[in-house]
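Step one of this worksheet: look at the structure below.
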Amino acid sequence: MIELKDISLAYAGRTGPVLALDGTSISVGKGEFAAVVGPSGCGKSTLMKLVTGLIKPTSGNVSVDGAPVHGPVKIAGMAFQNANLLPWRTVTENILLPLEIVEPYRSQFRAKKAEYRARVENLLEIVGLQGFGDRFPWELSGGMQQRASLCRSLIHEPKLLMLDEPFAALDAFTREELWCVLRDVWQRLNFTVVLVTHDLREAVFLADTIHVMSARPGRIIETRKVNFARPRDLDVCYEKDFTDTVQVLRHKIAEVRKA
Amino acid sequence: MNKQIESAAPWLFVVGLFVFWELACRLLSVPTIILPAPSAIFAAFQRFGGPIATNSFVTLWTTMAGFALSVVFGLILGLVVGWSRTIYRSFYPVMIGFNSIPKVAVVPILVMWFGIGEVPAILTAFLISFFPIVVNVATGLATIEPELEDVLRALGASKLDVMRKVGIPRSMPYFFGSLKVAITLAFVGTVVSETIAANKGIGFLMAQAGSNFQMPLVFAGLIALAIEGIVMYAATAWLEQRMTGWAFRSQGSAAA
């Protein structure tokens, strides 16, 4: 689904060019749940922008869904640490926003509005927000806003979901709740996920594959498969294999932070 | 009970202010030519009710015309300036420079161009009040959350899409907020122009009354202006609430 080959990316900093990524290669298969972990400032967010076609690499090739990326990919949904919902729109209207932008929905938006609204209702139910469609974002808790944000990133049925620390601002309980929401949505709708996170337990619990990045300039220094049976239950977080995996990743990141 | 006191408080304060003023004038026997007591001012209101009303009306409509111009041009210019960083950077110094010019200095030029009358007053009101609108609209557009812009651009949204769906609605609270500042400034502009060169309007009335040493009438003019200002401010504040209530409600909500 995603192929990044020998990507380097430099941008103009205050004191000359800064190398954000250097020789990064990642490959994510169709339907795979990939997580990217690494120390802060290692260029994980840059990676997201590269994959979605918002920026171009200085050198190297990016291809998504079998085609080289030259501009916005349009088949991706994105969600970030901040839910970024528009306060003047209701939850439903917020979730409809991508359909007002992306084709083929855009040109049919007026005609098929009822159908799209039903779709929103369906998604809201999947993430546990049924009945909240007519509320405004500021009437929802942080966890609920993040669920709505997830719906917005999924409404146009993207083949690819890009998540940039989506649960980082939530409390521990809400976060674990949302892990399960994401797990269930992914198993139900079967898209490819790239999850950028600082939370190693989150990565191990959710992902099929974990890519560890080095400090800047970012490179992938290790790729690990996670083989716990699916569907995974939160209890898996307390098994020995799980904690061992987290431990190994932790050491790996401690190492690159020192280097 | 507390609520009642709170809603009555502004009225009580105004009444208190006038009572204090009246007492101060009487007890210290301040000459009317220096500071007329409120009773003298109200007497002037009764005596010159007709002229005050007609001139107030002239000031009101010229102010509204100037304000309307600054809303239209301020909104357009604000959208243009907020559209891109390059435009923002190139326009800004000139606009700040222009805004720093005292508008009193511009009135004689306007009079040379358009003659004595309502047109210079309208234009002065416009020139003095459009700047806050431009700045506010531009700020609203320029502070779109970059992540949200990424979300939309990754879907193939054009700059126009981003502006229509996010930028413009987002800048509306800034816009309506700036109207409250702009409307009071517009009054200042009109009256400055009327004082210097006009044959109608409250500014003209006050200048005339001043040169005839009719101080109660000068103060009656000031109070008429203040009342008009408060009414127009309240009208724009009401409009702001109506149009962008979401911006007020979202503050202080429990959602975090």
Side-chain angles (χ1 to χ4, degrees), chain A residues 45 48-55 64 69 71-90 93-94 96-103 105-106 135-146 148-149 152-153 155-156 158 160 162 164-166 169-171, chain B residues 75 78-79 82 84-86 89 136-137 139-179 238-256:
Chain A
S45 303
M48 303 248 320
K49 290 192 179 181
L50 275 169
V51 172
T52 47
L54 290 174
I55 51 175
V64 169
V69 172
V73 291
K74 299 181 188 178
I75 57 156
M78 293 171 104
F80 297 87
Q81 181 173 337
N82 293 322
N84 275 323
L85 300 169
L86 305 175
W88 57 89
R89 287 172 171 238
T90 62
E93 287 165 351
N94 263 290
L96 284 171
L97 181 64
L99 301 185
E100 295 170 30
I101 301 286
V102 80
E103 293 291 359
Y105 307 100
R106 182 183 187 141
R135 301 289 187 91
F136 283 91
W138 34 270
E139 295 176 303
L140 307 185
S141 68
M144 289 157 99
Q145 289 187 17
Q146 207 50 262
S149 170
R152 183 177 63 189
S153 62
I155 187 69
H156 55 297
L160 177 62
M162 306 291 293
D164 190 352
E165 299 185 37
L170 303 174
D171 67 273
Chain B
L75 196 54
L79 291 176
S84 87
R85 275 197 73 79
T86 321
R89 295 191 115 183
N136 276 279
V137 173
T139 307
L141 288 187
T143 51
I144 298 176
E145 293 82 355
E147 291 174 338
L148 189 56
E149 199 171 347
D150 282 352
V151 169
L152 297 180
R153 289 212 300 128
L155 293 171
S158 63
K159 183 90 186 170
L160 183 67
D161 288 332
V162 176
M163 285 297 165
R164 268 182 46 221
K165 302 289 180 192
V166 183
I168 293 173
R170 198 180 176 292
S171 64
M172 283 304 107
Y174 294 84
F175 169 66
F176 285 105
S178 71
L179 293 190
W238 176 82
L239 194 67
E240 182 188 18
Q241 273 283 355
R242 278 291 301 238
M243 303 301 287
T244 55
W246 56 266
F248 292 96
R249 280 174 298 176
S250 63
Q251 283 166 10
S253 74

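Numbers restart at 1 for each chain; the letters A, B, ... are given by sequence-line order, proteins then strands.
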Study note, to complete from the structure: When rounded to the nearest 0.5 Å, the distance separating CZ of B:R153 from NZ of A:K49 is 8.0 Å
Check your understanding: What closest approach, in Å, do A:F80 and B:D150 show between heavy atoms, and which atom pair accounts for it?
Key -> CZ-CB, 4.3 Å
Check your understanding: Can you name the nearest heavy-atom pair linking B:A154 to A:P72, along with the distance?
Key -> O-CB, 3.7 Å
Practice item. Kindly check if the number of other-residue, nucleotide or ligand heavy atoms within 6.0 Å of NZ (A:K74) is above 12? Key: no
Review point. side-chain contact (heavy atoms from CB on, under 4.5 Å) with B:L155: which of A:H156, A:E103, A:E100, A:R106?
Key: A:H156
Practice item. List for me each residue that meets side chain to side chain contact (heavy atoms under 4.5 Å, CB included) alongside B:A157, sequence neighbours excluded, and say none if there are none. Key: A:I101, B:L152, B:D161, B:V162
Check your understanding: By a 4.5 Å heavy-atom criterion (distance strictly below it), what part of A:L97 contacts chain B: side chain, backbone, both, or neither?
Key -> side chain
Review point. Cut-off 3.5 Å, side chains only: do B:E147 and A:N84 have a donor facing an acceptor?
Key: yes
